[in-house]
There are 2 protein chains.
Amino acid sequence: METVKYKYAVIATDTIIFTLREQELKVLLIKMKKAPFQNCWAVPGGLVHGDESLGDAAKRNLYETTGVKDVYLEQLYTFGRVDRDPFGRVVSVSYFALIPSADIELKTTDAYESVRWFGVSRLPVLAYDHTEMISYALERLKAKLEYTNIAFSLLADEFTLGELQQCYEIILGRKLDKRNFRKKFLSLNLVTPTGRRRTGQAHRPAMLYHFSNRNYQVIQIL
Amino acid sequence: METVKYKYAVIATDTIIFTLREQELKVLLIKMKKAPFQNCWAVPGGLVHGDESLGDAAKRNLYETTGVKDVYLEQLYTFGRVDRDPFGRVVSVSYFALIPSADIELKTTDAYESVRWFGVSRLPVLAYDHTEMISYALERLKAKLEYTNIAFSLLADEFTLGELQQCYEIILGRKLDKRNFRKKFLSLNLVTPTGRRRTGQAHRPAMLYHFSNRNYQVIQIL
DNA sequence: CCAAAAGTGTTTGTGCTACACCCATGT
DNA sequence: ACATGGGTGTAGCACAAACACTTTTGG
């Protein structure tokens with residue numbers, strides 16, 4: 001068998017979409033219709049069109065599966081093992097996206113058998129190398145939580161400090177000290193109170209905050 | 001003009017190769033023979049073969065241009081702007097490599113007009129988006145220097161603490177305190193003395209060290 | 001009145017920073 | 001002898017970590 005050189009490859013993007021729901025970090029997965037992974041769960045993705053950049057392809061794909069736009073989206077890693085796709089040579093540029101819990105309105109597209117959120121600790125068996133992709137994304141997410149302000153991309157515009165802390169605790173998988181946590185965010189001026197309060201729960205109403213600066217920043221937090 | 005969809009793209013890898021020479025951080029560049037960037041300087045790279053993974057392509061390319069193997073090599077970022085290559089749709093997966101000063105034996109391949117080391121602060125105009133690639137690589141290198149042990153990939157097997165410190169100072173672009181620096185590396189047990197000394201210079205001979213653990217580790221250093 | 005989360009300061013310890021002098025060698 | 005980098009310790013300070021009780025609401 002002759003060695004194949006300079007063969008064309010197909011470029012795809014796959015996007016690991018995270019959100020917080022029911023006190024858990026969730027990933028959006030789709031169930032595939034077509035062979036060779038019929039009825040397998042996978043991360044949503046698709047081929048890159050000839051006239052769009054990689055980031056645009058990821059954005060389009062994200063919009064098509066979730067209906068959301070303007071969310072945090074970052075390139076993660078490019079997977080190019082020769083045999084990663086039984087269909088042929090497909091190189092996949094993976095992205096990860098963070099969407100606020102509020103924005104969830106899953107489009108029931110007919111491109112997929114179904115679409116569902118899965119808690120990251122209870123993932124099904126996945127097609128391709130998607131298990132690896134997700135674990136890579138999780139690693140990156142955990143790391144960036146500690147030295148950037150991306151956590152804000154997972155929360156609604158207004159949130160309580162308790163919700164912010166839960167966000168960290170859920171993703172990092174450990175308890176944090178309430179007083180130190182609040183001290184940190186307040187002293188760094190990352191959040192400012194809106195004056196409103198969250199009422200309606202069976203306990204003392206919490207002050208609502210919004211982030212002082214919506215832009216991505218690199219700041220040592222934990 | 002019709003929109004082109006699902007067109008095949010070509011995958012290339014480009015590798016930013018760093019080394020320390022003459023008290024400077026240097027990048028290896030090649031001068032291109034072919035149009036449309038004839039006589040332009042660029043980062044070495046090439047198309048990915050049909051039967052090799054992305055990492056393998058980068059390794060092969062690195063070996064072909066420098067003759068070195070088994071050096072630090074890490075995927076950096078994937079560049080996919082539609083018009084980044086006037087030749088057609090080429091998506092480039094960039095890597096960065098660190099090679100010890102000792103290993104330099106530039107092969108004068110005839111695939112390129114010439115091959116040369118450039119100090120990172122004196123780069124020529126580059127082809128494609130290679131200027132962006134290098135600045136991205138530099139950012140990553142600086143960041144990783146502070147929280148991993150990759151610096152060791154730039155040094156010979158045996159080195160003095162002075163050389164290690166210079167490595168940090170050159171790349172980070174700032175002076176570090178000698179006592180604090182040594183304290184750090186010794187207390188973390190990252191280096192162990194070999195018992196040998198570096199002689200032959202017009203000053204007190206320095207103890208030679210080697211790294212205690214050659215494997216990549218994530219450790220807060222600075 | 002009870003349950004549940006909100007809100008609030010102080011102390012202790014660790015680790016980073018800053019800093020200056022003598023030593024061993026080659027020329 | 002002199003120039004050059006090698007090698008060493010300490011004190012102050014800032015920040016991180018640990019820690020418990022009162023308040024406000026809804027049920």
Side-chain angles (χ1 to χ4, degrees), chain A residues 20 22-24 101 143 145-148 151 155-156 158-170 172-210 218-222, chain B residues 20 22-24 101 143 145-148 151 155-156 158-170 172-210 218-222:
Chain A
L20 289 170
E22 301 149 6
Q23 310 282 28
E24 230 187 338
S101 330
L145 214 53
E146 309 213 358
Y147 70 91
T148 73
L155 298 170
E158 286 193 324
F159 51 86
T160 68
L161 292 182
E163 288 161 1
L164 180 59
Q165 185 173 344
Q166 276 179 37
C167 166
Y168 274 83
E169 289 179 341
I170 290 168
L172 297 178
R174 64 186 146 103
K175 283 280 171 201
L176 300 172
D177 182 85
K178 202 203 308 188
R179 282 175 285 196
N180 294 335
F181 185 86
R182 299 162 90 94
K183 215 182 303 170
K184 197 74 203 219
F185 279 84
L186 291 168
S187 70
L188 291 175
N189 285 314
L190 292 172
V191 292
T192 46
T194 63
R196 285 180 287 280
R197 297 167 163 279
R198 171 139 310 161
T199 53
Q201 283 131 318
H203 55 77
R204 181 173 172 178
M207 178 64 74
L208 287 166
Y209 291 81
H210 59 83
V218 177
I219 297 185
Q220 195 63 34
I221 294 175
L222 299 187
Chain B
L20 289 170
E22 301 150 6
Q23 311 282 27
E24 229 186 338
S101 332
L145 214 53
E146 308 213 0
Y147 69 92
T148 72
L155 296 171
E158 287 194 325
F159 51 86
T160 67
L161 293 182
E163 287 161 0
L164 180 59
Q165 184 174 345
Q166 275 180 37
C167 166
Y168 274 82
E169 290 180 341
I170 291 168
L172 297 178
R174 63 169 198 262
K175 284 282 171 200
L176 299 172
D177 182 85
K178 202 204 304 189
R179 281 177 285 199
N180 295 335
F181 186 86
R182 299 162 90 93
K183 214 182 305 169
K184 198 73 205 222
F185 279 85
L186 291 168
S187 70
L188 291 174
N189 285 315
L190 292 173
V191 293
T192 46
T194 63
R196 283 181 288 280
R197 295 165 166 280
R198 170 139 312 160
T199 54
Q201 283 130 318
H203 54 77
R204 179 171 173 179
M207 178 63 75
L208 287 166
Y209 290 79
H210 56 84
V218 177
I219 297 184
Q220 195 62 35
I221 293 175
L222 299 186

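The sequence lines fix the lettering, A, B, ..., with proteins before strands; numbering per chain opens at 1.
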What is the distance from [atom1] of [X] to [atom2] of [N], rounded to the nearest Å?
{"X": "A:Leu208", "N": "D:dT25", "atom1": "CG", "atom2": "P", "answer": "14 Å"}
{"X": "A:Phe181", "N": "D:dA16", "atom1": "CZ", "atom2": "C1'", "answer": "15 Å"}
{"X": "A:Gln165", "N": "C:dG7", "atom1": "CD", "atom2": "C1'", "answer": "12 Å"}
{"X": "B:His203", "N": "C:dC23", "atom1": "NE2", "atom2": "P", "answer": "18 Å"}
{"X": "B:Gln201", "N": "D:dA3", "atom1": "CD", "atom2": "P", "answer": "19 Å"}
{"X": "B:Asp177", "N": "D:dG9", "atom1": "CG", "atom2": "C1'", "answer": "12 Å"}
{"X": "A:Leu161", "N": "C:dT8", "atom1": "CG", "atom2": "C1'", "answer": "12 Å"}
{"X": "A:Glu169", "N": "C:dA5", "atom1": "CD", "atom2": "P", "answer": "12 Å"}

Could you check whether any side-chain heavy atom of [X] comes within less than 4.5 Å of a side-chain heavy atom of [Y], counting everything from C-beta outward?
{"X": "B:Pro193", "Y": "B:Met207", "result": "yes"}
{"X": "B:Leu222", "Y": "B:Leu145", "result": "no"}
{"X": "A:Val191", "Y": "A:Phe159", "result": "yes"}

Judged by each residue's nearest nucleotide on DNA chain C, which is more toward the 5′ side, A:Glu163 or A:Ala202?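 Of the two residues, A:Ala202 wins.
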Pair A:Leu161, A:Phe181 - check side chain to side chain contact (heavy atoms under 4.5 Å, CB included), show working. CA-CA 9 Å; A:Leu161 292 182; A:Phe181 185 86; 5.6 Å; no
In residues 182-199 of chain A, what residues come within less than 4.0 Å of DNA chain C, judged by heavy atoms?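 The answer is A:Arg182, A:Lys183.
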With distance as the sole test, does A:Tyr209 use its side chain to make a donor-acceptor pair with the main-chain N or O of A:Glu158 at under 3.5 Å? no
Whether the side chain of A:Ser187 engages the backbone of A:Lys184 through a donor-acceptor N/O pair (distance < 3.5 Å, no angle test) should be reported.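 Judged by distance alone, yes, a pair lies under 3.5 Å.
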Paired with A:Gln165, the side chain to side chain contact (heavy atoms under 4.5 Å, CB included) test is passed by just one of A:Ile170, A:Asp177, A:Leu176, A:Thr160, namely A:Leu176
Going through the distances and angles, do B:Tyr168 and B:Phe185 end up as a ring pair (Phe, Tyr, Trp, His ring centres under 6.0 Å)? CA-CA 12 Å; B:Tyr168 274 82; B:Phe185 279 85; 5.6 Å; yes
Counting side-chain heavy atoms from CB outward, which of C:dA4, C:dA24, C:dG7 is closest to A:Met207? C:dG7
I need the A:Lys178 NZ to A:Glu169 CD distance, nearest 0.5 Å.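 Going from NZ on A:Lys178 over to CD on A:Glu169, the span is 10.5 Å.
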Which residue lies more 5' along DNA chain D, comparing B:Gln166 with A:Ile221 via nearest heavy atoms: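 It is B:Gln166 whose nearest nucleotide is closer to the 5' end.
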Expected rows: protein N/O vs nucleotides 20-22 of chain D N/O, under 3.5 Å:
| unit_1 | atom_1 | unit_2 | atom_2 | d |
| --- | --- | --- | --- | --- |
| D:dA20 | N1 | A:Arg179 | NH1 | 3.2 |

